[in-house]
> 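Just dropping this structure here.
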Amino acid sequence: MEIDLTPQLALKVYEDNGGSYYSWSPSDLPMLREGNIGAAKLALHKNGFALPRYSDSSKVAYVLQGSGVAGVVLPESEEKVVSIKTGDALALPFGVVTWWYNKEDTELVVLFLGDTSKAHKPGEFTDFFLTGSNGIFTGFSTEFVSRAWDLEEKDVKTLVGKQSGKGIVKLEGNISLPEPKPEHRNGMALNCLEAPLDVDIKGGGRVVVLNTKNLPLVGEVGLGADLVRLDGNAMCSPGFSCDSALQVTYIVRGSGRVQVVGVDGRKVLETTVKGGNLFIVPRFFVVSKIADPDGLEWFSIITGTPNPIFTHLAGSSSVWKALSPTILQAAFNVDSELEQLFRSKRTSDAIFFPPPN
């Protein structure tokens, strides 16, 4: 049975006056289940507070909009309080407890992409909340909580029952959350809009790759990631992951055309994508994109490895340039003149091509 690769928007899962949580469902995007991938978004209004939680999946978080504060507690480690802003990426391994807060007028929006191969539900994240109306202590009897924390019963009832919010709340009053510490960002967060560029093609596009060198925690997450910004009308070279990885792509802004070609040379996807869309390219399938005049920006994770390898089918480093001329003649069944013309084109090392003159 063919799998539908059509890009999808996220659906709202729950909301409170402090914000909303959105997720992509495997029923709408079957490749999530097939590829053991989860995808979700958190949107916090001013004074919105995402209650402390941990997840059954390792993830990469990317700040799509706004600024705020994130609290991160690695297993058997102290709390890291990190200032976050648009363009920041954080790697969140298994067992990490996080909370998120927005004190600004602009909505804080954070994207989560991750691996659900060990999750309760393939293709979905399951969060376990430490507090709130669905917090883990609501399921324990008063006796158990009393003995665990050495508290009196009346204090337990207050502690467990006072917070009636679910997942997200709006903080009122004069409560002061811990201030972020600059040193806590080291190794915890990387701003993809300010980091050194891995690829920079004039009139074409720019790429920042997250890997074990610039964000060591991606090694524990086991995922690669990148931010790609394609200039107006520019093209991203056709290519595929040569280490059996799936590419999960979220369109941050702009729009453009996408084509994906699979087994037996069949085109399995031809569509226009725009901001908010999520789509997945299966293993070894070839994908190419052309930006509309306003450009195209996307954030992707690559499953299975923190340091993925791609093969591109155009440019000086493409596989075509490596093959012998007579092999190309025989493979295409063309004469040497056309083979030489084909080989002479795209001699630059680029993976992004500016629009034709």
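Here, residue 1 is the first one in the sequence, and each next residue gets the next number.
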> Report yes or no: does N102 contribute a side-chain atom to a donor-acceptor pair with the main-chain N or O of H45 at less than 3.5 Å?
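Present.
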
> If you define the side chain from C-beta out and look only at heavy atoms, does anything of Q259 sit under 4.5 Å from K267?
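In short, these two side chains touch, coming nearer than 4.5 Å.
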
> What's the spacing between L296 CG and S255 OG if we round to 0.5 Å?
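Interatomic distance, L296 CG to S255 OG, rounded to 0.5 Å: 7.0 Å.
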
> Decide, yes or no, whether a salt bridge links R253 with E297 under the criterion of side-chain N to carboxylate O below 4.0 Å.
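A salt bridge links R253 with E297.
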
> Do D226 and I301 come within less than 4.5 Å of each other through their side chains, counting heavy atoms only?
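D226 vs I301: side chains apart.
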
> With the threshold set at 4.0 Å, does a side-chain nitrogen-carboxylate oxygen contact exist between E194 and K85?
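Looking at K85 together with E194, the answer is yes, because their closest N to O distance falls below 4.0 Å.
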
> Any chance the side chains of T116 and S57 put a donor and an acceptor closer than 3.5 Å?
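No - no donor-acceptor pair under 3.5 Å links their side chains.
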
> Could you go step by step and tell me if N47 and Y101 meet the side chain to side chain contact (heavy atoms under 4.5 Å, CB included) rule?
CA-CA 7 Å; N47 295 324; Y101 177 62; 3.0 Å; yes

> For residues P26 and G123, report the shortest heavy-atom separation together with the two atoms involved.
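Reported closest heavy-atom pair: CG-O, 3.5 Å.
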
> Report yes if some heavy atom in the side chain of V96 is under 4.5 Å from a heavy atom in the side chain of P93; otherwise report no.
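Side chain of V96 against side chain of P93, heavy atoms only: contact under 4.5 Å found.
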
> Go through the steps for F137 and T131 under the test side chain to side chain contact (heavy atoms under 4.5 Å, CB included), then give the verdict.
CA-CA 7 Å; F137 282 119; T131 66; over 6 Å; no

> Taking T158 for the side chain and K154 for the main chain, is one N or O donor matched with an acceptor at less than 3.5 Å?
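Side chain of T158 to backbone of K154, a donor-acceptor pair under 3.5 Å: yes, one is there.
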
> Between M188 and E183, is any pair of side-chain heavy atoms under 4.5 Å apart?
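When only atoms from C-beta onward are counted, E183 and M188 do not touch, as no gap falls below 4.5 Å.
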
> Looking only at non-hydrogen atoms, find the nearest pair between L64 and V252 and report the distance.
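L64 and V252 have their closest heavy atoms at CD2-CG2, 4.0 Å.
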
> What distance separates N214 CG from N191 CG, expressed to the nearest 0.5 Å?
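Answer for the CG-CG pair, N214 versus N191, is 11.5 Å.
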
> Who are the salt bridge (charged side-chain N to carboxylate O under 4.0 Å, His left out) partners of E124, not counting sequence neighbours?
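E124: no salt bridge (charged side-chain N to carboxylate O under 4.0 Å, His left out) contacts found.
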
> How many angstroms lie between atom CZ of F342 and atom CD of Q329, to the nearest 0.5 angstrom?
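Between atom CZ of F342 and atom CD of Q329 there are 12.5 Å.
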
> Let me see the working for W298 and C236 under side chain to side chain contact (heavy atoms under 4.5 Å, CB included), right down to the final yes or no.
CA-CA 12 Å; W298 66 86; C236 182; 4.3 Å; yes

> Any donor and acceptor pair, going by atom type alone, linking the side chain of D4 with main-chain N or O of T6 inside 3.5 Å?
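Yes: the side chain of D4 pairs with the backbone of T6.
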
> Could you tell me if the side chain of V287 sits less than 4.5 Å from the side chain of V258, heavy atoms only?
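Side chain of V258 against side chain of V287, heavy atoms only: contact under 4.5 Å found.
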
> Does R206 form a salt bridge (Lys or Arg N to Asp or Glu O under 4.0 Å) with D231? I'd like the steps, not just the answer.
CA-CA 8 Å; R206 291 153 299 286; D231 292 334; 2.7 Å; yes

> Kindly check if the number of other-residue, nucleotide or ligand heavy atoms within 6.0 Å of CG (D150) is above 12?
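No, because the 6.0 Å sphere around CG of D150 holds 12 heavy atoms or fewer from other groups.
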
> Salt bridge or not for K274 and D292, using N-O below 4.0 Å?
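Salt bridge flag = no for D292 with K274.
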
> Using the rule side chain to side chain contact (heavy atoms under 4.5 Å, CB included), only one of P354, S288, P355 pairs with M235; which is it?
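Exactly one candidate clears the test, S288.
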
> Quick one: do V261 and F285 satisfy side chain to side chain contact (heavy atoms under 4.5 Å, CB included)? Show the steps, please.
CA-CA 6 Å; V261 175; F285 283 36; over 6 Å; no

> Any chain of hydrophobic side-chain contacts (each under 4.5 Å) joining F49 to L90?
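No, because F49 and L90 fall into different hydrophobic clusters, even though each may have its own neighbours under 4.5 Å.
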
> Taking C-beta and beyond as the side chain, do V97 and P75 meet within less than 4.5 Å on heavy atoms?
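In short, these two side chains do not touch, never coming nearer than 4.5 Å.
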
> Can you check whether G254's main-chain N or O pairs, donor with acceptor, with D294's side chain at less than 3.5 Å?
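No: the side chain of D294 does not pair with the backbone of G254.
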
> So if you build clusters from Ile, Leu, Val, Met, Phe, Trp, Tyr with side-chain heavy-atom gaps below 4.5 Å, do M31 and F125 land together?
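Result: no, two separate clusters.
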
> Are the aromatic ring centres of H120 and F128 under 6.0 angstrom apart?
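Ring centres of F128 and H120 closer than 6.0 Å.
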
> Are Y54 and V110 linked, directly or through other ILVMFWY residues, by side chains that come within less than 4.5 angstrom of each other?
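The answer is no; the residues belong to distinct hydrophobic clusters.
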
> Does the W24 side chain pair with the main chain of Q8, one donor and one acceptor, at a distance under 3.5 Å?
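Yes, W24 side chain to Q8 backbone: donor-acceptor pair under 3.5 Å.
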
> Would you say F279 and V268 are hydrophobically clustered, going by side-chain heavy atoms of ILVMFWY under 4.5 Å?
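Yes, because F279 and V268 connect within a single hydrophobic cluster, where side-chain heavy atoms sit under 4.5 Å apart.
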
> Is there a continuous path of hydrophobic side-chain contacts, each under 4.5 Å between heavy atoms, that joins L51 to L42?
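Result: no, two separate clusters.
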
> Give a yes or no on whether the backbone of L246 and the side-chain of T303 come within a donor-acceptor separation of less than 3.5 Å.
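Present.
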
> Do the ring planes of F140 and F144 sit parallel (below 30°), tilted (30 to 60°) or perpendicular (above 60°)?
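F140 and F144: parallel rings.
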
> Using atom types as modelled and distance alone, determine if a side-chain donor or acceptor of T138 lies under 3.5 Å from a backbone N or O of N134.
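Side chain of T138 to backbone of N134, a donor-acceptor pair under 3.5 Å: no, none is there.
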
> Which residue, W100, Y22, Y21, forms the ring pair (Phe, Tyr, Trp, His ring centres under 6.0 Å) with F112?
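When W100, Y22, Y21 are each tested with F112, the ring pair (Phe, Tyr, Trp, His ring centres under 6.0 Å) holds only for W100.
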
> Under a 4.0 Å N-O cut-off, is there an ion pair linking R185 with D88?
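Salt bridge present between R185 and D88.
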
> Supply the atom-to-atom distance I280 CD1 to I37 CD1, rounded to the nearest 0.5 angstrom.
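I280 atom CD1 to I37 atom CD1 measures 4.0 Å (nearest 0.5 Å).
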
> Is there side-chain contact between L197 and V207, with at least one heavy-atom pair below 4.5 Å?
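A side-chain contact under 4.5 Å is absent here.
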
> Taking all non-hydrogen atoms of both residues into account, name the closest pair between V82 and A189 and its distance.
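Reported closest heavy-atom pair: CG1-CB, 4.2 Å.
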
> Judged by atom type as modelled, is there a donor-acceptor pair below 3.5 Å linking the side chain of T86 to the main-chain atoms of G66?
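Looks like yes, one N/O pair under 3.5 Å.
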
> Taking atom types as modelled, is there a side-chain donor on E79 or W99 under 3.5 Å from an acceptor on the other?
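Looking only at side-chain atoms, W99 and E79 do form a donor-acceptor pair, the distance falling under 3.5 Å.
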
> Atom CG in L190, atom CG in L217: separation rounded to 0.5 Å?
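Going from CG on L190 over to CG on L217, the span is 11.5 Å.
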
> Side chains of F353 and S237: does their closest heavy-atom pair fall under 4.5 Å?
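Sidechains of S237 and F353: in contact.
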
> Do NZ/NE/NH1/NH2 and the carboxylate oxygens of K59 and D127 come within less than 4.0 Å?
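Judged by the 4.0 Å cut-off on N to carboxylate O distance, K59 and D127 do form a salt bridge.
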
> Between R53 and T98, is there a donor-acceptor pair closer than 3.5 Å when you use the side chain of the first and the backbone of the second?
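Side chain of R53 to backbone of T98, a donor-acceptor pair under 3.5 Å: no, none is there.
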
> Pairing donors with acceptors under 3.5 angstrom, does anything connect the side chains of S27 and S25?
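Looking only at side-chain atoms, S25 and S27 do form a donor-acceptor pair, the distance falling under 3.5 Å.
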
> About how many Å separate CG of L227 and CG of L193, when rounded to the nearest 0.5 Å?
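These two atoms lie 6.0 Å from each other.
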
> Relative to each other, are the rings of F240 and F284 parallel, tilted or perpendicular (30° and 60° limits)?
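F240 vs F284 ring planes: tilted.
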
> Does V209 offer a backbone N or O that forms a donor-acceptor pair with the side chain of D198 under 3.5 Å?
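Indeed, once roles are kept as given, a pair shorter than 3.5 Å links the two residues.
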
> I'd like to know whether the aromatic ring centres of Y250 and F299 sit less than 6.0 Å apart in this structure.
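So the answer is no for these two rings.
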
